[in-house]
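Comments concern the structure below.
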Protein chains: 2
Amino acid sequence: MADTDCRANLIRTATLLFAESGYNGVSVRQIARAAGVNLAMISYYFSGKEGLYGAVLNEQFAVLRRIPEIKTVENDPLKKFELYVRATVARYRKNPFLLRFYTSELTNPTPCFESIVKPAIKGVVQLLIDTFTDGLSHDQFRKDLDPTDTVLALAGMINFYFLLEPVTTELLDHSAERDEALIQHIMDIFAKGVLK
Amino acid sequence: MADTDCRANLIRTATLLFAESGYNGVSVRQIARAAGVNLAMISYYFSGKEGLYGAVLNEQFAVLRRIPEIKTVENDPLKKFELYVRATVARYRKNPFLLRFYTSELTNPTPCFESIVKPAIKGVVQLLIDTFTDGLSHDQFRKDLDPTDTVLALAGMINFYFLLEPVTTELLDHSAERDEALIQHIMDIFAKGVLK
DNA sequence: TATTATTAAACGATCGTTTGAATAATAGAG
DNA sequence: CTCTATTATTCAAACGATCGTTTAATAATA
């Protein structure tokens with residue numbers, strides 16, 4: 001088994017197991033056995049359990065660092081927000097474990113939180129704040145709204161939908177076919193509110 | 001030290017430590033030492049670590065089960081929603097650890113998830129859905145909105161604000177003095193949207 | 001032959017739980 | 001009220017299991 005095989009196997013398997021049970025909920029022996037490699041390979045390639053977890057988290061949050069690209073492909077603030085929501089849904093569909101690491105690090109931070117998670121999330125929030133401020137200067141949004149509170153509200157709408165999936169499976173259809181309707185729905189509330 | 005002292009000490013200390021580091025991130029020895037009681041008391045009073053964790057979670061989610069009282073004190077659907085948001089903020093202020101157990105169980109469920117957490121959250125979501133449906137029948141809300149998606153959006157706005165606190169401390173003021181403005185703000189967006 | 005990759009085995013430390021003795025608290029009988 | 005029998009509580013110590021890591025030997029590769 002070549003270098004890359006072993007490394008890749010470990011990262012892939014560890015992603016699954018760490019996501020399922022958290023950093024402290026999995027042992028290096030479980031990971032090694034599930035990956036079909038020798039226990040010592042974790043220390044050999046990642047210099048320990050923490051190193052492996054860091055590699056997993058780094059890979060997971062790489063996608064979050066690409067969100068600022070939205071700035072370059074769209075000009076209209078409201079459409080930028082829609083792109084953000086759309087990218088968020090696509091991200092969670094493509095990577096079912098990201099949200100777990102996301103919230104797990106928020107509630108029980110490891111050393112990776114400061115170095116990887118916090119900068120990544122902060123970058124996204126800052127982009128959204130800038131977008132709203134831009135919309136304000138173009139007289140597009142209501143002037144009495146606070147930029148930070150407003151964009152956190154938008155981010156909350158879409159993220160909470162996925163976070164609550166384990167308890168709402170019997171209440172609504174979480175299939176990807178409904179994603180487009182969900183996106184429209186959230187943008188609709190965000191833009192126009194619920195009052196008749 | 002009487003029965004209740006020991007029990008109460010353990011629950012109070014365990015709440016703090018479990019919230020900080022998660023179920024697998026704390027040992028019974030750490031809890032016992034921090035509580036100033038003997039290690040064996042955990043098995044004696046709670047028949048083990050899991051039992052203690054269950055007792056902690058039970059106490060934490062008791063407050064969530066009282067939310068349906070909103071139904072009895074208010075009639076107007078929009079004001080019921082505001083009461084929910086208000087109660088949520090008050091809950092997190094009074095109990096800074098609830099949200100941690102909340103999201104920790106959502107992402108890395110223990111046996112307590114099915115028995116304690118899921119029923120509690122589901123009850124709240126169902127109350128909100130009923131409230132929106134009620135408002136729809138009174139012609140108060142836009143008819144093209146899906147009840148479940150809509151109330152999850154509202155719940156997301158307020159919950160996500162607190163969930164993201166660790167990364168937004170430098171971006172906004174999380175002090176309780178701003179709570180009233182936050183509530184008004186979220187209800188404002190929910191009711192009327194952001195467009196001018 | 002020199003370097004890299006993999007292995008089984010062992011390391012000390014800590015895990016959650018249990019044991020059995022010691023202590024404290026309580027209740028009933030005189 | 002005192003003594004005693006019973007129960008409830010607390011304790012230090014030990015249980016086997018598992019934790020993450022390291023070692024030294026072997027296999028593969030260039």
Side-chain angles (χ1 to χ4, degrees), chain A residues 1-59 101 104-105 108-113 115-116, chain B residues 1-59 101 104-105 108-113 115-116:
Chain A
M1 189 179 297
D3 173 344
T4 52
D5 281 358
C6 201
R7 279 187 82 97
N9 257 351
L10 277 173
I11 289 195
R12 185 163 36 84
T13 309
T15 301
L16 196 77
L17 295 183
F18 279 142
E20 265 178 12
S21 314
Y23 178 76
N24 290 307
V26 196
S27 72
V28 287
R29 282 176 178 79
Q30 289 174 16
I31 297 172
R33 197 182 323 125
V37 309
N38 187 279
L39 167 64
M41 292 295 92
I42 292 177
S43 286
Y44 183 74
Y45 282 113
F46 303 95
S47 58
K49 186 185 184 184
E50 258 196 53
L52 174 57
Y53 181 74
V56 167
L57 236 62
N58 227 1
E59 192 183 89
F101 291 109
S104 176
E105 282 290 330
N108 299 124
T110 70
C112 290
F113 177 72
S115 59
I116 300 177
Chain B
M1 190 180 295
D3 173 343
T4 52
D5 282 357
C6 200
R7 279 187 82 99
N9 257 350
L10 277 173
I11 289 195
R12 185 163 37 84
T13 309
T15 300
L16 196 77
L17 295 182
F18 280 142
E20 265 178 12
S21 314
Y23 179 76
N24 290 306
V26 196
S27 72
V28 286
R29 281 177 178 80
Q30 288 174 19
I31 297 173
R33 197 182 325 125
V37 308
N38 187 278
L39 167 64
M41 294 294 93
I42 292 176
S43 287
Y44 182 74
Y45 282 113
F46 303 96
S47 58
K49 186 184 185 184
E50 258 196 51
L52 175 56
Y53 182 74
V56 167
L57 235 62
N58 227 0
E59 192 183 88
F101 291 109
S104 175
E105 281 290 330
N108 299 123
T110 70
C112 290
F113 177 72
S115 60
I116 299 177

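Predicted, not measured: the structure shown is a model, and the values here were computed from it. Chain A is the first sequence line, chain B the second, and so forth, proteins listed ahead of strands; every chain is numbered from 1.
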I need the [atom1]-[atom2] distance between [X] and [N], as an integer number of Å.
{"X": "B/Y53", "N": "C/dT17", "atom1": "OH", "atom2": "P", "value": "15 Å"}
{"X": "B/K49", "N": "C/dT14", "atom1": "NZ", "atom2": "P", "value": "15 Å"}
{"X": "B/I31", "N": "C/dT17", "atom1": "CD1", "atom2": "P", "value": "10 Å"}
{"X": "B/N38", "N": "C/dT17", "atom1": "CG", "atom2": "P", "value": "14 Å"}
{"X": "B/D5", "N": "C/dA25", "atom1": "CG", "atom2": "P", "value": "11 Å"}
{"X": "B/F46", "N": "C/dG16", "atom1": "CZ", "atom2": "P", "value": "15 Å"}
{"X": "B/I42", "N": "D/dT10", "atom1": "CD1", "atom2": "P", "value": "13 Å"}
{"X": "A/E50", "N": "D/dT21", "atom1": "CD", "atom2": "P", "value": "8 Å"}

Of the nucleotides [options], which has the atom closest to the [X] side chain?
{"X": "B/Y44", "options": "C/dG16, D/dT9, C/dA10", "result": "D/dT9"}
{"X": "B/M41", "options": "D/dT10, C/dT17, D/dC19", "result": "D/dT10"}
{"X": "B/R29", "options": "D/dT10, D/dG20, C/dT17", "result": "C/dT17"}
{"X": "A/L39", "options": "D/dC11, C/dG16, C/dA9", "result": "C/dA9"}
{"X": "B/Y45", "options": "C/dT17, D/dT9, D/dC11", "result": "D/dT9"}

Worksheet item: Across the strands shown, which category fits A/S43 at heavy-atom distances under 4.0 angstrom: base, sugar-phosphate, nothing?
Response: base

Discussion item. So, OP1 or OP2 of D/dC19: does either fall under 4.0 Å of a side-chain N or O from A/S27?
Written reply: yes

Practice prompt. Would you check if the side chain of A/K49 reaches a backbone N or O of A/Y23 as a donor-acceptor pair within less than 3.5 Å?
Written response: yes

Worksheet item: According to the Watson-Crick and G-U wobble definitions, with both distances under 3.5 Å, which nucleotide is paired to D/dA30?
Response: C/dT1

Rounded to the nearest 0.5 Å, how far does [atom2] of [Y] lie from [atom1] of [X]?
{"X": "A/L52", "Y": "A/M41", "atom1": "CG", "atom2": "CE", "answer": "13.0 Å"}
{"X": "A/E105", "Y": "A/Y53", "atom1": "CD", "atom2": "OH", "answer": "3.5 Å"}
{"X": "A/I31", "Y": "A/F46", "atom1": "CD1", "atom2": "CZ", "answer": "10.0 Å"}
{"X": "A/I116", "Y": "A/T110", "atom1": "CD1", "atom2": "OG1", "answer": "7.5 Å"}

Worksheet, complete the sentence: 5'-most contact on DNA chain D (nearest-nucleotide basis), A/A40 vs A/R33, goes to A/R33

